[in-house]
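For ligands, and for the atoms within them, numbers begin at 1 and follow the listed sequence. Starting from 1, each residue takes its place in the sequence as its number.
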Amino acid sequence: MSDIFIGIASDHAGFELKERLIAWMKEKRYVYKDFGAYSEESSDYPDFGHPLALAVEKGECRFGIGICGTGVGINIVMNKHQGIRSALCWRPEIARLTRAHNDANVLALPGRFLSEQEAIDIVESFLSTEFEGGRHIRRIEKIPVL
Ligand code: RB5
């Protein structure tokens, strides 16, 4: 496992929230890697979601945060990877439950539908919750498509 704790990626629609979350992560002294996009110029979420998903799968990053307008597109992309359990979250309680029950390793956020503070609350909830294990292990073991 590398020292990069969080990988973060967005398309143009998630760019502004990504930049705000990066500023917050700097303040918190998280070690992060920015996978782009690097501007609000129109771009395609798979171009950023796939590299982030690969980095999490390889263990280069412990967790990922993917952002697009709705969060849906980048969430679909990242969940194509067998080692990824990406959860689209719009409330802190959903982020807590997806860590506790699904052992989600990527958080997908709807950049056009969250304030900065709402997003920070969701990220904090996601990062501060441990997987509960127990009966949930059996369930997540049934997820991969062989
Ligand atoms: C871009 O306009 C938008 O379609 C994209 O960010 C995302 O919401 C797709 O799921």
Self-check item: Stepwise side chain to side chain contact (heavy atoms under 4.5 Å, CB included) test for Ile8 and Leu52
Solution: CA-CA 7 Å; Ile8 188 165; Leu52 173 60; 6.0 Å; no
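- Take Glu130 and apply the salt bridge (Lys or Arg N to Asp or Glu O under 4.0 Å) test, not counting sequence neighbours, and it matches no residue.
- Sorted by first and then second residue, the pairs that involve residues 84-107 and meet ring-ring contact (aromatic ring centres under 6.0 Å, His included), not counting sequence neighbours, are His101-His136.
- Contact residues for ligand 1 (protein heavy atom closer than 4.0 angstrom to any ligand atom): Asp11, His12, Ala13, Tyr45, Cys68, Gly69, Thr70, Gly73, Arg112.
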Output a table of donor-acceptor pairs, distance under 3.5 Å, between side-chain atoms of residues 110-120 and any protein atom two or more places apart or on a different chain; print 'none' if there are none.
from	atom 1	to	atom 2	distance (Å)
Ser115	OG	Glu118	N	3.0
Ser115	OG	Glu118	OE1	3.4
Glu116	OE1	Arg20	NH1	2.8
Gln117	NE2	Asp121	OD1	2.9
Glu118	OE1	Ser115	N	2.8

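- Counting only N and O atoms by type, the side chains of His81 and Glu57 include a donor and acceptor under 3.5 Å apart.
- Under 3.5 Å, the side chains of Ser86 and Asn75 contain a donor-acceptor pair of N or O atoms.
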